[in-house]
Amino acid sequence: MKYPVLKPGPSRPRTILTTIALFLSVFIAFACSSGSKDKLVKPDFNGPNWYKHVVFYHIWVRSFLDTNGDGIGDLPGITRKLDYIQSLGIGGIWISPFYPTPYFDSGYDVADYTAINPDYGTLADFDELLAEAHQRGLRVFTDMVMNHTSIEHAWFKESRSSKTNPKRDWYVWAAVPNIPCVPSPPFGESAWTYDATTGEYYFHHFYPEQPDLNYRNPEVQEAMLDVLRFWLDRGVDGFRFDAIDTMFEDEGTSNPAPDFICLDHPLVYEYVKRIRTVLDEYPDRASVAEIWADPVTTANYFGNGSNGFHETFSLTLTLAFQGTVLSNGAELVPTAIQESSAPLPPNAQYGIFLSNHDFGRVMGRANNDPRRATLAAVMLFSLPGTPFVYYGDEVGLANGTDEIVDVRDQFRTPMPWTSGPGVGFTTGTPWLDPSPGSDTANVASEEDDPESFLNLYRKLISLHNKLDLFGTGTFEAISATGAGPGLLVYARVGEKGKAIVALNFSEQSQNVMLDLSKYVTSTAKSELYSEMPPKLNPANATSYSLTLPAYGYVIWSVK
Ligand code: GLC
Ligand code: CA
């Protein structure tokens with residue numbers, strides 16, 4: 001199961017007027033949200049475990065900021081916006097693939113692993129971005145696409161040129177298709193493409209323009225580890241590893257057994273150990289891997305907790321978050337946390353997110369209801385794991401409507417910096433139409449409004465940095481007497497303190513009774529809330545009465 005929820009959620013056609021109405025409603029709903037008046041807290045996490053404490057920001061380079069008017073975002077555009085990223089309280093960025101590419105899979109078809117796509121700039125631009133980021137204390141993850149190359153990669157050009165070429169065996173060739181794996185949507189129906197030059201077929205888990213590298217060949221293994229070293233030597237802080245689960249499959253056979261393995265092959269875990277060894281050659285590097293599997297399989301990718309990936313994403317958590325945002329199924333979350341964390345080795349932590357370039361925007365999931373998207377954010381930043389914010393979510397960016405490569409372009413629209421035709425993204429013509437609503441939901445229009453979506457994100461991330469317990473602390477669900485569907489209450493317990501979080505993912509106001517005595521050992525501080533809650537202290541914590549309005553929330557901290 002690759003993209004189980006790839007299709008964008010049902011979305012209503014929106015006009016500018018309904019967009020304005022929606023945003024007005026969120027501003028009114030949260031006009032009373034006072035929250036912390038403290039200065040925003042910057043991240044300051046060092047040492048080998050830094051990645052467990054920070055909030056990451058995930059950037060689609062083609063759509064972030066265009067600095068030369070060609071309508072295409074570029075690396076200097078990211079550099080120019082580092083101060084903005086820093087103003088969010090972010091501790092690390094993950095940049096989508098920026099390598100030369102014919103763009104059949106939006107850059108996930110890499111034509112050269114050690115160069116920069118001229119659309120996005122040069123290696124010097126990358127070095128400058130990295131230096132400027134580091135100067136601001138921001139870590140940088142790049143996207144490492146190891147399973148496959150582009151058909152335009154020099155290795156594949158050689159490989160396909162003749163059956164005797166030294167690179168022939170760097171890819172998976174067969175006279176007759178003999179691996180029964182099939183791509184998942186939207187990558188087509190067959191994993192084999194006929195190549196007339198030599199009259200054989202090559203294997204691809206994804207689009208035909210993305211031939212799989214043959215990892216059974218030791219030269220391929222070495223060559224790709226050298227690619228990692230190339231970027232680590234330049235100073236990157238680590239990688240987001242793409243589609244790792246597809247790197248090995250059972251060997252080709254004309255008579256495949258019913259349990260033929262296409263994903264999560266045992267051999268992949270051996271190679272992951274080699275990847276980790278390379279990362280460990282450098283101080284304080286980290287990794288997050290894209291794995292879409294059940295919790296036990298996912299946990300295997302952490303190895304023993306120090307010889308696998310530092311983090312992976314979690315399908316179980318992602319589905320629970322999406323279910324919660326879409327259908328008030330808040331009760332999914334504690335179960336998903338329990339199930340996904342049970343098989344983890346010591347020291348392991350997930351990366352968590354509401355949106356990304358494959359799954360779609362949280363605003364789409366929330367049926368374009370900003371109250372739901374807001375509550376989803378309050379949830380994300382207060383749950384265990386390292387939060388990854390997909391660029392634009394912080395201003396309430398909606399899914400787009402324009403499509404060039406495939407349906408996922410709807411999730412990759414230009415970052416709305418201002419109103420106007422190029423939404424501040426470009427002075428030229430944007431390569432992809434901005435999402436509906438970008439005229440009103442943008443950085444400029446939200447910047448100075450203390451109650452805006454953008455500034456709520458800032459407060460949440462600042463609180464994440466200040467309390468420093470949400471990433472790593474334990475999670476305990478709290479039962480609420482009198483609760484209806486959609487109510488979620490939990491405690492987070494860390495080394496530096498505790499937090500209690502109450503969320504109401506429903507249209508109805510809910511009045512509940514909570515026993516918080518286990519956590520409220522001193523007066524609790526209400527850090528962020530939709531409506532000021534009654535005082536919470538050891539005297540009333542045993543039977544604390546709380547009324548949460550529709551989509552209301554409170555986060556308390558306890559020393
Ligand atoms: C990953 C990427 C996705 C890409 C695929 C093939 O799933 O997130 O965008 O299409 O790998 O590289
Ligand atoms: Ca440009």
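One-based numbering, in listed order, for ligands and for the atoms of each. For reference, positions follow the sequence shown, starting with 1.
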Legend entry - Atoms of protein origin (N, O or S) under 3.0 Å from the Ca ion (ligand 2): D66 OD1, N68 OD1, D70 OD1, I72 O, D74 OD2
Legend entry - R240 to F56, cation-pi by 6.0 Å centre distance and 45° axis angle: no
Legend entry - Cation-pi check, R229 onto F239 ring (under 6.0 Å, within 45° of axis): no
Which atoms from ligand 1 have a heavy atom of [X] less than 4.0 Å away?
X: D358; value: 2 (C), 3 (C), 7 (O), 8 (O), 9 (O)
X: H148; value: 6 (C), 12 (O)
X: R240; value: 2 (C), 8 (O)
X: D105; value: 4 (C), 5 (C), 6 (C), 10 (O), 12 (O)
X: R408; value: 3 (C), 4 (C), 9 (O), 10 (O)

Indicate whether the side chain of [X] and that of [Y] have a donor and an acceptor atom separated by less than 3.5 Å.
X: D406; Y: Y207; value: yes
X: D143; Y: S96; value: no
X: D393; Y: S355; value: yes
X: R80; Y: T67; value: no

Inset, instruction - Take the angle between the ring planes of Y301 and Y269 and call it parallel below 30°, perpendicular above 60°, tilted in between. - result: perpendicular
Inset, instruction - Hey, can you tell me if Y84 and W417 have their rings parallel, tilted or perpendicular (30° and 60° cut-offs)? - result: perpendicular
Within less than 4.0 angstrom of ligand 1, does [X] place any heavy atom?
X: M146; answer: no
X: H205; answer: no
X: F187; answer: yes

Legend entry - Pairs involving residues 85-102, ordered by first then second residue, that meet salt bridge (charged side-chain N to carboxylate O under 4.0 Å, His left out) (sequence neighbours left out): none
Legend entry - Beyond-backbone contact of S106 with W60, side-chain heavy atoms, under 4.5 angstrom: yes
Inset, instruction - With heavy atoms under 4.0 Å as the rule, classify the contact between R412 and ligand 1 as side chain, backbone, both or neither. - result: side chain
